[in-house]
Amino acid sequence: MNGSRTISAYFAEDHDRLDELFTSFQSLKRSDFPGAKAAFEKFKIGLQRHIVWEEDVLFPLWEEKTGMSDGGPTFVMRAEHRQIVERLNAIYAEVAEGSPDSDRDEAALLQLLGAHNMKEERVLYPAIDQVTTPDECRDVFAKMEQIPEERYRSCCGARQP
Ligand SMILES: [Fe+2]
Ligand SMILES: [Fe+2]
């Protein structure tokens, strides 16, 4: 998987892909609910996968290389993931009930995710690229590929319908 690409480029592209899925969900939910639900499910699994990639593979590499864990940037990013997942699950509960009325949670999620992704893209990912050798970068992508689907399909307390 993308052995020659930077961590910044790969993860920022995944943010963009997830943003597009969420935009589809929002634009379809009052006209084509099944279509909106399908986009939301892809978004939810994709975001859970992204968080597992970061928390299980990428952040531990940074923590190991820099010795920064508690109180460092990945500590803050992990805490923000918990807030993001809380909103994600609140929207999921509405979608699972067939209700499009999750606007407030959607706005809250977008605000959290926007600020979070910007910090990762502007600060953390470039810093990780700086301390990572090409071999380590390849290793990150290889480890991400090896994560079993069950790890992120069922994470965050909600199995897909
Ligand atoms: Fe993150
Ligand atoms: Fe991210």
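Ligands are counted one by one from 1 in listed order, and the atoms in each one are counted from 1 as well. Position 1 is the first residue of the sequence, and the numbers go up from there. On a predicted model such as this, the values are computed, not experimentally measured, just so you know.
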Quiz item: Name of the H15 N, O or S atom nearest the Fe ion (ligand 2)?
Solution: NE2
Exercise. Taking both backbone and side-chain atoms into account, decide whether E54 has an N/O/S atom under 2.8 Å from the Fe ion (ligand 2).
Key: yes
Quiz item: In terms of side-chain geometry, is the basic nitrogen of E55 or R82 positioned less than 4.0 Å from the acidic oxygen of its partner?
Solution: yes
Exercise. Using 2.8 Å as a strict upper limit, say whether an N, O or S atom of E80 approaches the Fe ion (ligand 1) that closely.
Key: no
Quiz item: With a 4.0 Å cut-off, would you call R30 and D101 a salt bridge?
Solution: yes
Quiz item: Do you see an N/O/S atom of Y125, backbone or side chain, under 2.8 Å from the Fe ion (ligand 2)?
Solution: yes
Exercise. May I ask you to decide whether K29 forms a salt bridge with E106, counting only side-chain N to carboxylate O separations under 4.0 Å?
Key: yes
Self-check item: Straight-line distance of L21 CG to E41 CD, nearest 0.5 Å
Solution: 11.5 Å
Exercise. Kindly assign one of parallel, tilted or perpendicular to the pair F11 and W53, based on the angle between their ring planes and the thresholds 30° and 60°.
Key: perpendicular
Exercise. Calculate the angle formed at the Fe ion (ligand 2) by NE2 in H50 and OE1 in E120; 10° precision is enough.
Key: 180°
